[in-house]
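As structure tokens, the structure follows; a few thoughts come after it.
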Protein chains: 2
Amino acid sequence: MSPASKKNPEETRKRLLKAAYEEIYLKGYQAASLSAILKGAGVTKGALYHHFPNKQALGYAVVEEVLQEEFSQSFLRFMFEKDDFVEGFQYALVKGEEIEGEDLVVKGCPLNNLIHEMSPIDEGFRTRLDGVLQWVLTTFTQAIRNAQKKGQVRQDVNAEETALFIFAAMEGCVGLSKNAQSMEIFGRCSKSLAHYVQMLRPS
Amino acid sequence: MSPASKKNPEETRKRLLKAAYEEIYLKGYQAASLSAILKGAGVTKGALYHHFPNKQALGYAVVEEVLQEEFSQSFLRFMFEKDDFVEGFQYALVKGEEIEGEDLVVKGCPLNNLIHEMSPIDEGFRTRLDGVLQWVLTTFTQAIRNAQKKGQVRQDVNAEETALFIFAAMEGCVGLSKNAQSMEIFGRCSKSLAHYVQMLRPS
DNA sequence: GATGATACATACCGGTTGGTATGGTGGCAA
DNA sequence: TTGCCACCATACCAACCGGTATGTATCATC
């Protein structure tokens with residue numbers, strides 16, 4: 001027998017989280033249907049309400065356990081493959097477009113999606129999303145500060161504000177290309193972004 | 001008798017559109033409740049389905065008739081108050097934050113919100129939103145080209161790509177400050193953006 | 001192997017959703 | 001005055017929503 005057919009609470013919990021993540025990623029949290037999630041996970045309602053008290057808790061868990069992980073395993077991982085910040089960022093832009101360009105252009109950034117939908121109407125979501133966001137931003141900030149120490153980035157740039165702006169611009173690029181549903185738009189937009197980052201180098 | 005109490009189809013139609021816009025702006029299209037819209041408009045379901053065949057058509061009309069207008073009456077109007085592009089853009093950033101900063105920080109950009117929610121799942125929404133977006137982008141592009149003619153912006157910048165990037169970055173700034181729900185974040189983020197636009201000037 | 005707890009599946013519930021069918025009313029042309 | 005139709009209100013509908021109650025199979029433990 002496959003491990004999935006046997007009783008395996010951790011496994012089914014992960015299946016539920018994964019299915020919920022996919023459904024929410026595409027439809028948004030509010031429009032995400034529990035029955036669709038259950039269908040995707042291959043379990044029934046009893047399993048869901050055994051592991052989670054309600055839909056909200058499931059949504060929160062998706063943010064805390066899936067979203068952050070998904071994020072650090074994609075863009076940030078690529079960025080740190082190079083030990084030069086500027087080079088690494090530009091590499092991550094290309095790599096990100098290459099690996100998950102299809103999802104990125106069609107469904108956008110899962111973090112940004114949830115921010116736009118839930119932040120104004122659910123404080124619990126907002127704080128959790130803010131947690132992920134702050135984590136990403138500090139990672140960016142540290143990377144820039146580190147690059148400054150190595151002389152890869154000008155000393156007069158404010159690392160924190162620059163990290164904020166770079167990430168904002170990146171999310172903006174994703175959003176525009178999502179509407180156009182074309183990777184070409186993302187390429188053109190991220191090209192300007194890469195050019196901006198390039199200007200951070202010492203003259 | 002007030003004109004509103006008499007039979008006034010155009011008036012009630014506008015009231016419906018306005019109420020729908022507000023509800024969608026806050027909750028999103030999918031989560032927008034028709035009963036809430038009717039309550040906001042002060043009419044009943046009969047009026048709605050007399051003017052619109054269904055919820056989708058109402059949503060489309062909101063994009064076509066309200067969203068575009070709302071957009072051109074706010075940021076773009078401020079931007080063109082100055083006849084210097086760089087100055088005008090920076091002025092519009094400050095002015096936009098000043099006038100509708102509260103809404104901007106809490107509810108974000110109505111165009112960007114709908115793009116994130118609906119573009120992947122409803123082609124009708126996507127094309128209509130793309131129409132508004134393209135209109136905004138061409139307005140930006142023309143403004144930059146015009147500035148280039150006047151010598152306010154360097155000749156070597158690609159007007160189209162720059163317009164794309166600036167708008168993307170702006171939407172990104174709104175998104176981040178929306179999550180933080182603080183105007184201070186928007187200020188810090190838009191400061192970097194203003195600095196970038198400043199660099200478009202001839203050296 | 002009996003026992004109790006865990007891990008589900010199934011059936012059901014009230015509430016809300018978008019949508020419809022019907023009925024009434026004011027305005028306008030004949 | 002009489003129709004007539006645009007305009008809108010009211011009542012009602014099936015479908016689906018998130019959530020619950022209950023039953024059952026499987027596990028660990030003694």
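In what follows, chains are A, B, ... by sequence order, proteins preceding strands, each numbered from 1.
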**Q.** Distance (rounded to the nearest 0.5 Å) between A:Lys27 NZ and A:Lys107 NZ
**A.** 11.0 Å

Q | A:Lys55 NZ to A:Leu34 CG distance, which is reported to the nearest 0.5 Å | A | 5.5 Å

Nearest-Å distance for atom pair [atom1]/[atom2], residues [X] and [N]:
X	N	atom1	atom2	answer
A:Gln56	D:dG19	CD	C1'	14 Å
B:Leu38	D:dA9	CG	P	9 Å
B:Leu16	D:dA9	CG	C1'	13 Å
B:Leu48	D:dT10	CG	P	15 Å
B:Asn8	C:dG27	CG	P	11 Å
B:Phe52	C:dG18	CZ	C1'	16 Å
A:Glu10	D:dC27	CD	C1'	14 Å
B:Ile37	C:dT16	CD1	P	17 Å

Q | Residues from residues 22-33 of chain B lying under 4.0 Å of DNA chain D - heavy atoms | A |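 Correct list: empty, so none.
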
Is a side-chain donor-acceptor pair under 3.5 Å present for [Y] with [X]?
X	Y	result
B:Tyr60	B:Asp122	yes
B:Glu117	B:Gln30	yes
B:Glu87	B:Gln152	no

Q) Can B:Lys191 be said to sit on top of A:Phe165's aromatic six-ring, NZ or CZ under 6.0 Å from centre and within 45° of the ring axis? A)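 Cation-pi check for B:Lys191 and A:Phe165: fails.
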
Q. Got a donor-acceptor pair under 3.5 Å from the side chain of B:Lys55 to the base of C:dG19?
A. no

**Q.** DNA chain D: 5'-proximal contact among B:Gly46 and A:Asn54 (nearest heavy atom)
**A.**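 Looking at DNA chain D, the more 5' nearest nucleotide goes with B:Gly46.
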
Q.
Can you see if the side chain of A:Ser35 gets near the phosphate of D:dC16 - specifically, an N or O under 4.0 Å from OP1 or OP2?
A. no

Per [X] side chain, nearest of listed nucleotides [options]:
X	options	result
A:Lys45	C:dA9, C:dG19, C:dA11	C:dA11
A:Leu34	C:dG19, D:dG19, C:dC8	D:dG19
B:His50	D:dA9, D:dC7, C:dC8	D:dC7
A:Tyr49	D:dG19, D:dC7, C:dG19	D:dG19

Q) Does a salt bridge link A:Arg13 with A:Glu10, judged by any charged N lying under 4.0 Å from a carboxylate O? A) no

